[in-house]
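A short worksheet on the structure shown next.
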Number of protein chains: 2
Amino acid sequence: MNLKELAQKLGLSPTTVSRALNGYPEVSESTRARVMAAAKRHNYRPNTRAIRLATGRAMAIGHVIPTASRHEIMNPVFADFIAGAGETYARNGYDLILSIVPDDDEDRVYRELHARGTVDGIIVHGPRLNDPRLRLLDDIGFPYVVHGRATGTVTPYSWLDVNNRRAFRRATEFLLDFGHRRIALINGLEFMDFAIRRRTGYLEALAARGIAPDPDLMSSEEMTELRGYRAACDRLGRDAPPTAFLVSSMISGLGVRRAIEERGLRLGSDISVIIHDDALSYLPNGEDVPIYTATRSSVREAGRQAAEMLLDIIAHPASAPQQRLLEAELIIGQSTGPVPAPRRS
Amino acid sequence: MNLKELAQKLGLSPTTVSRALNGYPEVSESTRARVMAAAKRHNYRPNTRAIRLATGRAMAIGHVIPTASRHEIMNPVFADFIAGAGETYARNGYDLILSIVPDDDEDRVYRELHARGTVDGIIVHGPRLNDPRLRLLDDIGFPYVVHGRATGTVTPYSWLDVNNRRAFRRATEFLLDFGHRRIALINGLEFMDFAIRRRTGYLEALAARGIAPDPDLMSSEEMTELRGYRAACDRLGRDAPPTAFLVSSMISGLGVRRAIEERGLRLGSDISVIIHDDALSYLPNGEDVPIYTATRSSVREAGRQAAEMLLDIIAHPASAPQQRLLEAELIIGQSTGPVPAPRRS
DNA sequence: AATCAACTTCAAACCGCTTTGGACAGGCAA
DNA sequence: TTGCCTGTCCAAAGCGGTTTGAAGTTGATT
């Protein structure tokens, strides 16, 4: 059942039927009602492909996920971010197109997506220091919103980010307030922008108390359980082990906890741990009481908001770039406590 | 730059240009070369929307992810499965459209996707016992492939699944061979088909050795770290605790391990654990030596193959439904060992 | 009664490609 | 020479909607 057939059945022109269904005013209410009823009865659904060609809009947003060439792995936060964004798209009649792309091929994909008119705009994932993608997108005039930021980019662009710097600064201060002085940072890969900012926050907090950072206490790894475990083992095995860990992800945090408990130490009393919690649905930080003290910011909510921002930009192409900085909560769980009194031995 | 303009520049008709670019034979090799060169020079990209309307194909596949109404959470294996499928689509010029849908709305979405011609086929995720979706899809004549199976469905349909039953049977037998008799099963939610099959495999192995299953040793939960932890704590706190755990996911397995180590027990020597490892990229089971003994099957590879199957079905609509059963490997890690001698006390 | 504006409705063009059904030229067989 | 292929190329008709420009109706105004 297409528009022409429906129009024929109604004894109307396609024009009128189209307008009736799309709420245009130049159609009498009586025929509109008649058309609506007929459309429902024959469960008419306008063909997406025809609409897209006729209107010149793709009614779709692209998410380009760079994948494993060397460094990257399929990042688990994508799933929740995309779930959030997907909700927004669904509400607005947009489709979500997902491109999994080897990251040396990303440029080509952006260009194609734009030139072929497959999508109306894109979300940029995993921004890095001086990310060259933003330049490219600006050049070809492709609407986009960055999830995160790309330090070093001077021209204004649209982004939505968590205040990673402040979150990690606050977390560090919280540990310092408990008397911790040797705080290990188990960070993500530090060519990623978020990781850079988190380290900055950590260093700022230390500097503000006049504590010199110890390079041996800082590590930058992929955020897997195993890497977290290894990094923690390494730190704990040294002469002057840390009394606290600040960990960039829940998943690495599981590994850190394993390393700690394997040594017979107790989380929260012997050693403190703060993680960053993206509020992933399958990794809840406890049910009523949080297990970990954490800087928390829902990546799903970020997805929702980034999508809204992008749709707004697409609807108002002339408007200035938009930015939104979300603050992470610092939630207190059972994994932090005062520095234990040094053992007499 | 569109086809008409390009044709004009070349002094050819759109017909010829189109045919030259699409490799049709009724075009001389010399003009074909000329056209190709011009297309590259002006970097002409045919408009996706026009192609789709003209050919009547969407060149896109839908993945419908049901989401949190009550039971479900955003399943972490989706990310890897979709990454795998995405590779296949990219190779074949298809787009991947992701729909995040509250699961009471799933039917409507399938119907729309089909009636509006947004996608050419779909992958069904998370099949359940007697899943009503398959019936719906058959009724509206929508090509699909199920990731998993739906026990109870009598009409043949296309699916790709891991042999969950055999995997868990083998894993159970492996534990039995080590002398374990009290083996706890920490399963996923048992209205999901895969979980049902895993339990069946577990029960079969017990039955084959004449061991009566103990309901207290079986649990069915969402597969999160916390649930795994709780379930394990519960089992370990009883009078006759299990000497081994069979766990349906890596993530729950992390929780089980935590429960075990928290009690000062050693994984592999005091208590054995086998998990199912979907080979998620961000949850590697060790690097060289596997940490867990595991039934392993790459969900990413499953995604690749399911996508291939679906594209084949779309290309040959008249062909019979296809099925593929992947066998999981049983890989031996450090988390299993013989039953420890009972402590004298 | 004539004029005009407001309402409705429609025919046709258009979006940018694919595909059908020729048209034309050159080569070869009859 | 005529007829028939074969090889190239093209005009035009879709695909299924939206949108422009115009036309026909009505009712009110002058």
Side-chain angles (χ1 to χ4, degrees), chain A residues 1-36 38-39 42-60 93-95 112-120 315, chain B residues 1-36 38-39 42-60 93-95 112-120 315:
Chain A
M1 171 66 53
N2 59 23
L3 186 68
K4 206 191 292 182
E5 290 167 15
L6 185 63
Q8 209 141 28
K9 273 208 201 315
L10 283 159
L12 288 170
S13 74
T15 309
T16 305
V17 175
S18 169
R19 286 183 163 153
L21 293 174
N22 292 315
Y24 283 77
E26 52 270 90
V27 145
S28 76
E29 282 313 313
S30 65
T31 58
R32 188 194 303 282
R34 210 158 61 85
V35 170
M36 298 286 236
H42 299 93
N43 62 73
Y44 164 71
R45 296 270 180 291
N47 184 297
T48 314
R49 302 191 289 262
I51 292 179
R52 287 174 177 173
L53 179 58
T55 60
R57 295 179 306 166
M59 295 304 287
Y94 275 74
D95 283 336
E112 295 251 312
L113 248 26
H114 181 249
R116 307 180 74 122
T118 313
V119 302
D120 295 319
Chain B
M1 170 67 52
N2 60 22
L3 185 68
K4 206 191 293 182
E5 291 167 14
L6 183 62
Q8 209 141 28
K9 273 207 202 316
L10 282 159
L12 288 169
S13 75
T15 309
T16 305
V17 175
S18 168
R19 285 183 164 154
L21 293 173
N22 292 316
Y24 283 78
E26 51 271 89
V27 125
S28 76
E29 282 312 312
S30 64
T31 57
R32 188 193 303 282
R34 210 158 60 85
V35 171
M36 299 284 235
H42 298 93
N43 64 71
Y44 164 73
R45 296 270 180 290
N47 184 295
T48 314
R49 302 190 290 261
I51 293 179
R52 287 174 175 171
L53 179 59
T55 60
R57 295 180 306 165
M59 295 304 288
Y94 275 74
D95 283 336
E112 295 250 312
L113 247 27
H114 182 249
R116 308 180 74 123
T118 313
V119 301
D120 295 319

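Just the heavy atoms: all of them, side chains too, but no hydrogens, waters or symmetry mates, feed the values below. Lettering of chains follows the sequences in order, A, B, ..., and the numbering in each one begins at 1. Since this is a predicted model, take the numbers as computed values, not measurements.
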Bounded by its outermost nucleotides with an atom under 4.0 Å from a heavy atom of chain B, the footprint on DNA chain C reads C:dG16 to C:dG21
Quick one: list whatever passes side chain to side chain contact (heavy atoms under 4.5 Å, CB included) with A:Ala54, sequence neighbours left out. none
The criterion is side chain to side chain contact (heavy atoms under 4.5 Å, CB included); which residues satisfy it with B:Ala115, sequence neighbours excluded? A:Arg45
Show the nearest heavy-atom pair for residues [X] and [Y], with the distance to one decimal.
X        : Y        : answer
A:Thr118 : A:Glu112 : OG1-O, 4.5 Å
A:Asp120 : A:Ala58  : OD1-N, 2.8 Å
B:Pro14  : B:Ala7   : N-CB, 3.7 Å
B:Met1   : B:Tyr44  : O-CD1, 3.4 Å

Sorted by chain and residue number, the side-chain hydrogen bond (donor to acceptor under 3.5 Å, both in side chains) partners of A:Thr31 (sequence neighbours excluded) come out as A:Ser28
Closer than 3.5 angstrom, by distance alone: can the side chain of B:Thr48 be matched with the main-chain N or O of A:Arg116 as a donor-acceptor pair? yes
State, yes or no, whether a side-chain contact exists between A:Ser18 and A:Leu3 at a heavy-atom distance under 4.5 Å. yes
Does A:Met59 reach the side chain of A:Ile51, with side-chain heavy atoms less than 4.5 Å apart? no
Atom CD in B:Glu29, atom CZ in B:Arg34: separation rounded to 0.5 Å? 13.5 Å
A:Arg19: what forms a salt bridge (Lys or Arg N to Asp or Glu O under 4.0 Å) with it, not counting sequence neighbours? none
Per the under-4.0 Å heavy-atom filter, residues of residues 9-23 of chain B near DNA chain C come out as B:Thr15, B:Ser18, B:Arg19, B:Asn22
For DNA chain C, what residues of residues 42-59 of chain A have any heavy atom nearer than 4.0 Å? A:Leu53, A:Ala54
Per-helix bend value, the helix from C:dA1-D:dT30 to C:dA30-D:dT1, C1' rotation axes over five pairs per end, 10° rounding, shows 70°
5' priority, DNA chain D, between A:Leu3 and A:Glu26 [closest heavy atom]: A:Leu3
Covered region of DNA chain D, 5' end to 3' end, by chain B [heavy atoms, under 4.0 Å]: D:dT8 to D:dG16
Could you give all pairs that pass the side chain to side chain donor-acceptor pair (under 3.5 Å) test and reach residues 1-13 of chain B, with sequence neighbours left out? B:Ser13-B:Thr16
Filter on side chain to side chain donor-acceptor pair (under 3.5 Å), then keep only pairs touching residues 49-58 of chain A, sequence neighbours left out; what's left? A:Arg52-A:Asp95
